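Just so we're on the same page: letters track the sequence lines, and every chain starts at 1. This one's a predicted model, so the numbers in the text were calculated from it and none came from an experiment. The analysis underlying the following values was restricted to heavy atoms, covering all of them including side chains, and did not include hydrogens, waters or symmetry mates.
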2 protein chains.
Amino acid sequence: MVRPGGRSARVQEAVHAAVRELEAESGREALTVPQIAARAGVTPSTIYRRWGDLRELLSDVAVERLRPEVPPENRGGLEADLEAWAEQFLDEMSSPPGRAYIRDALLGDPDGSNAGQCSAYAADQIDVILGRAAERGEPVPDVERVLDGVVAPMMYRILFRPGLLDPAYARRLVDDLLG
Amino acid sequence: MVRPGGRSARVQEAVHAAVRELEAESGREALTVPQIAARAGVTPSTIYRRWGDLRELLSDVAVERLRPEVPPENRGGLEADLEAWAEQFLDEMSSPPGRAYIRDALLGDPDGSNAGQCSAYAADQIDVILGRAAERGEPVPDVERVLDGVVAPMMYRILFRPGLLDPAYARRLVDDLLG
DNA sequence: ACCTTAAAGCAAACATGTTGCGTCAAGCGT
DNA sequence: ACGCTTGACGCAACATGTTTGCTTTAAGGT
């Protein structure tokens, strides 16, 4: 049972904070459960019991970091909005830390919802953009089409073809979709 | 130095075989380095020194299993060829073992070439299909377009949106691309 | 046949992951 | 407000996995 505001919640936050701190200090590869536990002021067994293993914990933390913090910028038109969003998305996700978070998010339980959350965040952002365009009376594509035509190709390159990324790629995908 | 045909090669093959056997017998999650080493008749330290850790080893093995064994079926026309290939690809890759291999392949060294190989295999298969179509005089899209329009969306769903897959999806992607 | 050297074996030191059991505190009923 | 119930945590012993220095083996070159 997770009791919000209680000890459980404090421990969870302390552990997540410890992961973020140690990741920043010593790098992604150096993380170990005992180290994280020590920094968070808990015993390793607490972490093992709650998360199972390091992968699940990192997956948890990664998903939090992938959550967008602000709604997508409003530039006044569907194409401009989508292009700006896609460019920023590609930029953030293709950076070394961005890629690490994506990989971590994919690592958790295959049937867990972490990877799904990741996609849902993107879908939400796109939904906002499309909603605004619809209010303006512009013709809008389906969210699914944007995921297939813009998000998926960018993710595919990030994951499977490192090094083949330039900022114009995001714009090209949006243009192809809307044109 | 890797001496083909020498002891190194024998050890590598023994270890890979051990991974495949144990994976089939005891399941993906139960694999450990000492267990694999015992089955392969080598010491754990050999595996650690050659591959670094279990992830790299599994990544290696996974890439091998993802290599297509036969050229894509020839059905006499570009659209039919691509549809058949995409459908089979989706079917294989979205199965539980297929997804496990993809995840393993992605897990290796981020700057290693394992994930890239994975994409290269698909590109090769597509290249064969497009080459045959070109010989027939059909107009053919770029390999890149097929990767972006067909492979990437399928992979995206497999990785990030489990459960949203039906066989017709592959055909729809091909139709949208060629139509 | 003899060197050279990369790779493998071995074993001990080390770190990490696991588990049983006692304790603690959050939420709940009285 | 008080005590009860129950999940989560700490602790410590244990099991398992990982790393490392050194030795031995065998492939390939001379």
Check every atom of [options] against the side chain of [X] and return the nucleotide holding the closest atom.
X	options	answer
A/Thr46	C/dA8, D/dG10, C/dT16	D/dG10
B/Thr32	D/dG17, C/dA8, D/dA8	D/dG17
B/Pro34	C/dA8, D/dG17, C/dT16	D/dG17

Self-check item: Lys/Arg N to Asp/Glu carboxylate O, A/Arg157 vs B/Glu144, below 4.0 Å
Solution: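 Looking at B/Glu144 together with A/Arg157, the answer is yes, because their closest N to O distance falls below 4.0 Å.
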Quiz item: Considering heavy-atom distances to DNA chain C, does A/Gln35 or B/Thr43 have its closest nucleotide positioned more toward the 5' end?
Solution: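 On the 5' side of the pair lies B/Thr43.
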Whole angstrom value for the distance that separates [atom2] of [N] from [atom1] of [X]:
X	N	atom1	atom2	value
B/Asp53	C/dT16	CG	P	14 Å
A/Trp51	D/dA8	CH2	C1'	12 Å
A/Ile36	C/dT16	CD1	C1'	12 Å
B/Ile47	C/dA7	CD1	P	16 Å
A/Leu54	C/dA15	CG	P	17 Å

Exercise. Classify the side chain of A/Ser45 and the base of D/dC9 as holding, or not holding, a donor-acceptor pair under 3.5 Å.
Key: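 No, no donor-acceptor pair under 3.5 Å.
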Quiz item: Counting only distance, no hydrogens or angles, is the base of C/dG20 paired donor-acceptor with the side chain of A/Arg49 under 3.5 Å?
Solution: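 A donor-acceptor contact between them is present.
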Self-check item: Flag for B/Ser59-B/Asp104: side-chain donor and acceptor within less than 3.5 Å
Solution: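 No.
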Quiz prompt | Modelled atom types, side-chain donor and acceptor of B/Gln117 and B/Arg67, under 3.5 Å | solution =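 No.
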Quiz item: Between A/Arg39 and A/Leu22, what is the shortest heavy-atom contact and its length?
Solution: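 So the minimum-distance heavy-atom pair works out to NH2-CD2, 3.6 Å.
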Quiz item: OP1 or OP2 of D/dA27 less than 4.0 angstrom from a side-chain nitrogen or oxygen of B/Arg10, does that happen here?
Solution: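 For B/Arg10, the contact criterion (side-chain N or O under 4.0 Å from OP1 or OP2 of D/dA27) is met.
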Quiz item: For C/dA8, does OP1 or OP2 lie under 4.0 Å from any side-chain N or O of B/Arg50?
Solution: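 For B/Arg50, the contact criterion (side-chain N or O under 4.0 Å from OP1 or OP2 of C/dA8) is met.
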